[in-house]
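Have a look at the structure below before the remarks.
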2 protein chains.
Amino acid sequence: MDAAVQRATALTSADRAFETLRTQIVEGELAPGAPLAEVEQATRLGVSRTPVREAFARLIAAGLAIERGPRSLVVSHIDAGDVTALFDLRRALDEQAARLAAARAAADPVTARDFADLADRFRAVTPSTLAADDPQRHGYYALVAEFDAALDAALTRSPYLAAAIASTRVHLARVRRLARDDDARLAASAAEHGAIARAIADGDGERAAAATRLHLHEALTSIHRHLPPAAPSSTAAPTKEHA
Amino acid sequence: MDAAVQRATALTSADRAFETLRTQIVEGELAPGAPLAEVEQATRLGVSRTPVREAFARLIAAGLAIERGPRSLVVSHIDAGDVTALFDLRRALDEQAARLAAARAAADPVTARDFADLADRFRAVTPSTLAADDPQRHGYYALVAEFDAALDAALTRSPYLAAAIASTRVHLARVRRLARDDDARLAASAAEHGAIARAIADGDGERAAAATRLHLHEALTSIHRHLPPAAPSSTAAPTKEHA
DNA sequence: CATGCTCTCAATGTATACATTGAGTGTTCC
DNA sequence: GGAACACTCAATGTATACATTGAGAGCATG
């Protein structure tokens with residue numbers, strides 16, 4: 001009964017500091033390259049250095065901050081080259097996830113119905129429904145979030161893969177903010193998601209993987225069209241996560 | 001120029017604490033399920049709680065420790081179900097890595113030669129060379145480490161993928177310790193590695209991916225043969241990484 | 001005037017003191 | 001005798017004091 005209350009208060013200062021910093025980095029409030037100093041952030045967030053240190057450690061683990069030099073932490077950069085690199089990972093993860101989800105749907109009617117339902121809802125997305133009083137397209141992104149949640153639910157047996165996918169999503173959120181999709185792309189993306197969901201619902205792993213690959217190719221192409229084209233090989237080592 | 005010297009002295013207490021704990025967990029010295037208490041480990045490692053806290057945070061991020069309850073940290077478990085889940089991720093990552101490495105080898109003669117060289121050395125591995133005064137098979141595992149390093153070198157343009165692969169290797173080290181390979185398996189593994197390296201050297205991405213898939217299937221099968229077969233679905237949520 | 005050296009200082013790395021919370025135990029009451 | 005309550009205590013969460021190190025400014029010298 002008091003579980004909900006307890007959970008609300010069980011968030012530590014370190015949790016809040018991490019959440020705040022993560023959000024501000026993803027939203028661009030803390031710009032790439034911005035220095036992250038313990039005392040400064042501690043003052044700003046109204047906590048001591050200890051939880052800030054822990055938050056910084058988590059930011060590094062998530063790839064949102066990188067150590068520049070021995071005593072300098074900065075918000076990690078993200079540019080066109082990074083997006084390509086990120087999609088190199090995403091393709092590997094999402095195709096496999098689609099295969100496994102399809103396998104699960106073939107054995108589990110509940111999963112199959114969930115994805116069939118999602119497929120229908122993605123197909124219902126049209127440029128006209130998109131434009132309906134939703135300048136930020138929250139409705140569409142909420143649907144994508146539901147798709148992600150369904151994928152997670154289908155991957156309970158593959159927690160390592162699920163965790164890796166989760167770790168890419170925060171980076172994708174940053175990319176999404178860099179290159180806002182236009183309505184045409186969003187409508188196409190909906191159709192692609194629908195195709196993936198339908199293939200999963202049908203239990204057809206290879207089709208789901210193929211649909212995923214197609215979707216990622218289109219998404220990456222669209223992003224690069226909207227992004228300043230950084231020189232392909234000049235930016236050498238963009239991000240470096242845990243050792 | 002002076003980077004190497006600087007790096008040697010730049011190791012902090014937190015780094016050493018993490019390295020020590022990581023090694024002891026991988027080696028089995030700290031058994032799965034063992035509680036990780038700050039004061040106890042601080043005393044044992046001869047440092048204060050602060051660096052230990054940081055080390056714990058990194059262990060959690062690496063998936064070597066999980067929070068059991070609000071104030072209880074334990075060494076993460078790893079069993080047959082986990083191995084399957086880990087390989088679900090590994091297959092995705094390693095196949096993609098093989099494809100990308102092959103693409104790089106096709107464009108970069110140095111990469112191609114490195115893998116061609118590795119392929120020859122893997123093919124030179126036979127049961128007789130394995131048995132030569134090396135009960136722990138350090139020589140063979142060193143060769144595998146060289147293969148991994150070559151893969152990393154080929155993936156400089158895909159740092160996200162490289163980081164994800166790196167994060168799987170520590171878990172694989174744990175698995176390797178659980179189920180020591182016999183000589184026959186090691187010789188077969190060498191042949192499989194050789195096939196992968198040769199395909200990469202030839203710039204044939206799909207062949208490299210196929211060889212990788214085959215290798216992982218054989219490796220997983222071998223591991224399960226040597227492991228107590230945990231019930232498939234009883235062990236629910238093994239590891240949970242960063243949010 | 002440029003270059004190099006030193007000194008200061010600010011930031012991180014570490015240790016420790018204080019706050020808080022949850023579990024376990026012992027006692028008391030029904 | 002059993003159950004519930006309160007208390008102790010130990011562990012984590014947080015804050016802060018101390019140590020250390022690297023960077024930058026300022027000065028001196030060639």
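Protein chains get the first letters and strands the later ones, always in sequence-line order, with residue 1 at the start of each. Heavy-atom basis, side chains included; hydrogens, waters and symmetry copies ignored.
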Task: Lys/Arg cation over aromatic A:Phe87: A:Arg90, 6.0 Å, 45° cone - done: yes
Task: N-O pairing of B:Arg174 and B:Asp82 below 4.0 Å - done: no
Task: Pair B:Glu19 + B:Arg22: basic N to acidic O under 4.0 Å - done: yes
Between [atom2] of [N] and [atom1] of [X], the distance in whole Å:
| X | N | atom1 | atom2 | value |
| --- | --- | --- | --- | --- |
| A:Phe18 | D:dG13 | CZ | P | 16 Å |
| B:Asp15 | C:dT14 | CG | C1' | 13 Å |
| B:Glu54 | C:dA15 | CD | P | 12 Å |
| B:Arg16 | C:dT14 | CZ | C1' | 11 Å |

Task: Short side-chain N/O contact to D:dT14 OP1/OP2 from A:Thr50, under 4.0 Å - done: no
Open item on the list: Under 4.0 Å from OP1 or OP2 of D:dT14: is there any side-chain N or O of A:Ser13 that close?
Closed with: yes
Open item on the list: Would you call the rings of B:His193 and B:Tyr140 parallel, tilted or perpendicular, taking 30° and 60° as the class edges?
Closed with: perpendicular
TODO: Assess the side chains of A:Asp114 and A:Thr111: does a donor N or O sit below 3.5 Å from an acceptor N or O?
DONE: no
Task: Under 4.0 Å protein heavy-atom contacts per nucleotide of nucleotides 7-12 of chain D, with B for base, S for backbone only and - for none - done: ----BB
Open item on the list: Please enumerate all residues that pass side-chain hydrogen bond (donor to acceptor under 3.5 Å, both in side chains) together with B:Thr84, with sequence neighbours excluded.
Closed with: B:His224
